[in-house]
Amino acid sequence: MPDPVRLPYSQLDQIPDRDPEETAEWRESLDAVTQAAGPQRAAYLMRRALEHTAAPDLAPLETDYTNTIPTSAEPAFPGDEAMEARITAWNRWNAAAMVTRGSKLGLGGHIATFASAAWLYETGFQHFFRGKEGDGSGDQLYIQGHASPGIYARAFLEGRLTEEQLDHFRQEAGGEGLPSYPHPRRLPWLWEFPTVSMGLGPLSAIYQARFNRYLDHRGIKDTANSHVWAFLGDGEMDEPESTAALALAGREGLDNLTFVINCNLQRLDGPVRPNYKIVQELEAQFRAAGWNVVKALWGQAWDEVFARDTDGALLRRLRETPDAQFQTYATRDAAYLREHFFGAEPSLRALGDTLSDAKLLELFQTSRAGHEPRKVYAAYRAAVEHKGAPTVILAQTVKGYTLGAGFESRNANHQMKKLTGQEFRTMRDLLELPIPDSALEGDLVPYWRPADDSPEMVYLRERRAALDGPAPARKVTAEPLPMPADKTFDALKKGSGSQEIATTMAFVRLVKDLMRDKETGRRWVPIVPDEARTFGMESLFPTAGLYSPKGATYDPVDRDQLLWYKEAKDGQILNEGITEAGSLADFTAAATSYATHGEPMIPFYIFYSMFGWQRTADQFWALADQLGRGFVIGATAGRTTMTGEGLQHADGHSHLIASTNPAAVSYDPAFAYEVSVIVKEGLRRMYGENSEDVFYYLTVYNETKVQPAMPAGVDEESILRGLYRYQEAADADADSPKLQLLASGTAIHWALEAQQLLAADWGVAADVWSAPSWTELRRDALACDAARLDGEERVPYVTRALAGAPGPVVAVSDWMRAVPDQIAPWVEQDWVSIGTDGFGLSDTRDAARRHFGVDPQSVVVQALAALARRGEVKPETVKEARERYGL
């Protein structure tokens, strides 16, 4: 193809031109206008003409319901089509056999999706998808989750999986099984990207392609040869995340990205668009977002029929037929097709009369572009050669193709988990596989694989060798990163002197210093979904720069200011605008770059606390599945620190959501020195020797306080484990009532004031403990419980830390009570928790804290009530305290 930007063929080439002279006159007129008045004038006249017709068939974002690339314009097929057909047949068979064998254990699996998409994958594996044995990156493949049996079948054919492993499909408890879908955490040498939480795959693929460009533009890794392929279902495109970032991909011209949407017109329980046409809808949507659209709808059998459509009746009928009706056509006999499709108007009936019954059945039951390797190859070649925009391929297929009449185009085929013996025999005959009847007589249908020295296996290995090894594949080659100098972390340990700073600012200052490190500074990837200035990050703008593939094509309004808004092609900050989903997709790409590209990056994603976990918890789960590493920062944390912002900004529950994610190491630091200790340990665990597949979640606050120096008696291990005594009660009498106040985050300041009030007003001695991580304390305790069941005597850290501490334990935080309550079962003392349960509200911090009962005076009353229940203070003391403090 000499010019892939302006394709040398037209979709209209496959449609008869009723009046070539008239067409030539129109073209000559446009040429004349273009030459005389310029292309803008010609385009203006065309738009005026379209407006004048007011005809829906002339909608500029939609084309005819036919292939973009005519058969006459298809490039020569570079492979052995017969050989590839045999390889694809083996994969179809083994995929169906694996799922059917598993169904005997009640495990199920999905067959119909891969059956429809087999050639979409196989053409890529034979000719396009690059492995990691070249530059280490290869192509990035987002496999449609329900098609995983076909990928396992190919890996089996390649010798990467054994029959025993196939027989452990969906049987993972023993540690050797195959996960149901693409799960890197469960099969880390094969899968790179989790995709079966539908909608997250397309979103992640866009940001992965964008991050590839980011690495290249910043000089970290040459990714020019990496291409991102996302395989999606047409029903999946209903998920809002599927289309959320289309404009970004179009705007930035990500021509290293191809979406392949398998348009079998069916979602999980029925047609995708029963009364409409999903292909036309998607075409308009992608074109509007600036994508190159390639429609691969019809097989070669349709060519002669289109050639006879001299008045456009066939094209009109195809365009007006809703998807649900077309699905019906794929299951009916020739008489039905003649009456209901071709009987719509006389010219169509005449066209139908020229076609045999066998031809009609071929057209409507099997002849789809997605089932013909030449059509698929032409579409893929057009996609990779197109420059300046991403490409979407809308490939039409039949769901359940080759599985027999009981599967093909049936609404229930998503739930159909096995084939009968007779269906396997029919499938064998259709695919022309050399499997004898005797092999099909047992209870289990056999797997089948050609001999290693067979022509098919030789061809298979040669094709993958030419494409740099197996795919998909996940391969970790990144070396550990050197730790920054201790002095970088020591600054926060010294405290802030007399200056009041929030822990948010403390974190930003630390990262700013870490970004100056000669060894690792360039690997930091600051990610913010907007309002970086809210988090005090504007100081990074002129030094690190904000990434833009175009740099700055304008004169910044604040160019003469110290902290000006600097965009640059090699900018380090990813400032994504108002999109938490997009920012987390960015984070995921950066957090897994150590595996995808062999380049460890250190992303930190900072966001309004409420709009992190609550909004994108599903993506955080996928991040964990993908083995991502980095720092997630919930800024403006807590339910009462966001003065005036109200119910949908006040976060009191994200730590509870985060606690459900096993890969999230969660902290709620109270002081700047805790932030320093935690970040240093996070870098060691995630990027040092023996790196771990975890990510760190820190909540930081926008409430300014004097940050103390790290107390001499506090060790880093106790901070990291989640609990240490920060301040003992001063000069307490031996007979004074005693208790323990545990607090995290900004609540430490309420606990310290409550400590003073308890001593001064009520003669109660309270020790104050900082609890940087309720969740880590709980996880340690759960591990100890599990060890005891195995006969190992282990005492949870929280139990040991509080052992012998007198009085009840009162825990307070700016989170709902369920957050500190995580550790209650392992606290031997009487337990009381205070929190911000309920919805947030707009008011001052003091008023909000009084409302929730977590202000220092409320803490005092709760502490006295706990002592009263033990008989250590008089019951009327509680009432007296309430009256004194106006509660």
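- Note that CZ of Arg778 and OG of Ser773 are 12.0 Å apart. Values are rounded to the nearest 0.5 Å.
- Contact annotation: the side chain of Arg639 approaches that of His653 to within less than 4.5 Å [non-hydrogen atoms, C-beta and beyond].
- Looking at heavy atoms from C-beta onward, Phe607 lies out of side-chain contact with Ile527 at the 4.5 angstrom threshold.
- Geometric assessment of Arg629 against the ring of Tyr687 yields a negative cation-pi assignment under the 6.0 Å and 45° thresholds.
- Between Phe535 and Tyr608, the ring-plane angle classifies as perpendicular under the 30° and 60° cut-offs.
- Classification of the Tyr181-His183 ring pair by plane angle, with boundaries at 30° and 60°, yields perpendicular.
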**Study point:** Intermediate values then yes/no, salt bridge (charged side-chain N to carboxylate O under 4.0 Å, His left out), Lys705 and Glu500
**Key:** CA-CA 4 Å; Lys705 296 287 184 180; Glu500 291 187 343; over 6 Å; no
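- Every residue two or more places apart in sequence or in another chain that forms a side-chain hydrogen bond (donor to acceptor under 3.5 Å, both in side chains) with Thr520 is listed here: Asp517.
- Aromatic ring orientation, Phe695 versus Trp613: parallel (interplanar angle below 30°, classes split at 30° and 60°).
- Put simply, the residue from Arg721, Lys493, Lys680 that forms a side chain to side chain donor-acceptor pair (under 3.5 Å) with Glu716 is Lys493.
- In terms of heavy atoms, Thr636 sits closest to Thr504 at N-OG1, 4.1 Å.
- Aromatic ring pairs are classed by plane angle as parallel below 30°, tilted from 30° to 60° and perpendicular above 60°; the pair His655 and Trp815 is perpendicular.
- The cationic atom of Arg615 (NZ for Lys, CZ for Arg) lies less than 6.0 Å from the six-membered ring centre of Phe611 and within 45° of the ring axis.
- Taking the ring axis of Trp191 as reference, the NZ or CZ atom of Arg185 does not stay both within 45° of it and closer than 6.0 Å to the ring centre.
- Among all heavy-atom pairs drawn from Tyr667 and Leu720, the shortest one is OH-O, 2.6 Å.
- For the residue pair Ala664 and Arg779, the shortest heavy atom distance occurs at O-NH1, 2.5 Å.
- Partner of Phe671 under the side chain to side chain contact (heavy atoms under 4.5 Å, CB included) criterion, out of Pro708, Ser676, Ser496: Pro708 alone.
- To the nearest 0.5 Å, the span separating CD on Glu776 from CD on Gln822 amounts to 10.0 Å.
- For the side chain to side chain contact (heavy atoms under 4.5 Å, CB included) with Trp750, the qualifying choice from Asp855, Asp814, Ile834, Leu741 is Asp814, the only one to do so.
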